[in-house]
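Keep in mind that this is a model prediction, so the values were computed, not measured. Below, read A as the first sequence line, B as the second, and so on, with proteins coming before strands; counting in each chain starts at 1.
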There are 2 protein chains.
Amino acid sequence: MNVSIALEILKNEGFKYTEKRENLVAFFAEEKRYLPAKEVLTYMQKSYPGMSVDTIYRNLTLFRDLGILEETEWNGEKRYRLSCATDAHHHHLICLDCGRTRQIEACPMDNIPVYDADFEVVGHKFEIYGKCGACQ
Amino acid sequence: MNVSIALEILKNEGFKYTEKRENLVAFFAEEKRYLPAKEVLTYMQKSYPGMSVDTIYRNLTLFRDLGILEETEWNGEKRYRLSCATDAHHHHLICLDCGRTRQIEACPMDNIPVYDADFEVVGHKFEIYGKCGACQ
DNA sequence: ATCTATTTAAGAATGATTACGATTTACATT
DNA sequence: AATGTAAATCGTAATCATTCTTAAATAGAT
């Protein structure tokens with residue numbers, strides 16, 4: 001995922017291009033890590049002083065729904081990062097301090113048997129948490 | 001985990017036994033599923049009409065710290081369930097509607113190599129989400 | 001029975017997120 | 001290029017989960 005693909009998706013799905021949206025995606029493309037809404041807001045308001053929180057949150061959830069961003073949450077905060085380039089399903093090691101990630105190719109779902117036929121599985125989450133080298 | 005063990009832990013750790021605490025643990029022991037604070041509050045206020053949200057939250061986090069309750073969060077809400085009887089480390093299938101769980105004995109951490117020596121691992125999360133038979 | 005630290009009540013404060021009406025903007029069509 | 005329209009944004013207020021505060025009540029020890 002990168003800025004031009006993201007803008008392509010927006011266009012194809014009938015959403016409008018705005019400079020703010022481009023800057024927002026570009027920010028995620030530079031950072032390549034999980035960011036809370038507040039940090040995104042702070043960054044965006046440097047370029048657009050009056051930018052509303054509503055716009056941030058609306059775009060974050062829109063981009064998540066379009067597959068441009070991935071979402072996770074910890075400590076009662078949702079966080080987003082640009083969807084990884086790899087199309088293949090994968091998981092992450094996540095630094096709880098800065099949100100930086102490392103990919104994990106293996107998926108536990110491949111190795112566990114079906115536990116209950118009476119349970120309709122809709123999703124799963126596997127994340128390893130810690131501190132990256134820079135944050136230690 | 002059950003009510004008497006929970007009360008034992010409270011006593012051993014120097015915390016006080018109260019009727020409300022016993023009722024709270026007893027509620028979790030009956031339900032055996034993940035419950036959000038609000039649901040716990042609603043239940044407790046049937047018996048104790050004026051019971052404050054603060055008391056609920058303080059006890060939930062205390063019990064989590066004491067290992068009496070397990071915590072997870074989804075949809076921006078923390079949820080708690082009575083710690084499972086099995087001492088062994090395990091994971092859960094979780095019904096997103098009612099919070100009921102099934103245990104998963106396997107842990108993905110047993111099967112993946114160390115991905116990055118420069119990354120200090122402090123924890124991990126593996127959960128499978130879906131709908132249980134009763135909620136379908 | 002009294003003392004003291006802990007717990008509780010009640011409400012206010014905080015922090016994240018969502019909702020809303022008014023205004024502005026992107027962009028397809030004239 | 002001007003226009004119409006749906007979408008995007010703004011500014012603010014509302015909502016929801018959670019934490020804090022202060023004074024009163026209470027469990028358990030002495």
Whole angstrom value for the distance that separates [atom2] of [N] from [atom1] of [X]:
X       : N      : atom1 : atom2 : answer
B:Glu22 : C:dT7  : CD    : P     : 16 Å
B:Leu7  : D:dG28 : CG    : C1'   : 15 Å
A:Arg58 : D:dA7  : CZ    : C1'   : 9 Å
A:Tyr48 : D:dG11 : OH    : C1'   : 18 Å
A:Leu41 : D:dC10 : CG    : P     : 10 Å
B:Lys38 : D:dT15 : NZ    : C1'   : 11 Å
B:Glu39 : D:dA17 : CD    : C1'   : 15 Å
B:Met51 : D:dA25 : CE    : P     : 18 Å

Look at all strands and tell whether [X] reaches a base, only sugar-phosphate, or nothing, counting heavy atoms closer than 4.0 Å.
X       : value
B:Asn59 : sugar-phosphate
A:Thr18 : sugar-phosphate
A:Asp54 : base

task = Anything under 30° is parallel, anything over 60° is perpendicular, the rest tilted; go ahead and classify A:Phe27 against A:Tyr43.
result =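 It falls in the parallel class, under 30°.
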query = Between the base of D:dA6 and the side chain of A:Lys16, is there any donor-acceptor pair under 3.5 Å?
reply =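 It does, because a donor-acceptor pair links the side chain of A:Lys16 to the base of D:dA6 below 3.5 Å.
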ask   = Picking from C:dT18, D:dT18, C:dT8, which would you name as closest to the side chain of A:Lys78?
value = C:dT18
remark   = The answer to which of B:Val53 and B:Gly14 contacts DNA chain C further toward the 5' end, by nearest nucleotide, is B:Gly14
task = Specify the residue among A:Lys11 and A:Pro36 whose closest nucleotide of DNA chain C lies further upstream toward the 5′ end.
result = A:Pro36
query = Ignoring hydrogens and geometry, is there a side-chain-to-backbone donor-acceptor pair from B:Glu70 to B:Cys84 under 3.5 Å?
reply =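 Looks like yes, one N/O pair under 3.5 Å.
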query = Are A:Glu19 and A:Tyr48 linked by a side-chain donor-acceptor pair shorter than 3.5 Å?
reply = yes
request  = Would you tell me whether A:Thr72 and A:Lys125 have side-chain atoms, one donor and one acceptor, within less than 3.5 Å of each other?
outcome  = yes
inquiry  = Can you work out whether B:Glu77 or A:Arg21 has the more 5'-proximal nearest nucleotide on DNA chain D?
reply    = A:Arg21
inquiry  = Taking the nucleotide of DNA chain D with the nearest heavy atom to each, does A:Gly50 or B:Ala37 sit closer to the 5' end?
reply    = A:Gly50
task = Could you tell me whether the phosphate oxygens of C:dA9, OP1 or OP2, come under 4.0 Å of any side-chain nitrogen or oxygen in B:Lys20?
result = yes
query = Just to confirm, is there a sub-4.0 Å distance from OP1 or OP2 of C:dT17 to any side-chain nitrogen or oxygen of A:Tyr57?
reply =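 Answer is yes, contact under 4.0 Å.
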query = Just wondering, do A:Thr55 and A:Arg58 contact through their side chains at under 4.5 Å, heavy atoms?
reply = yes
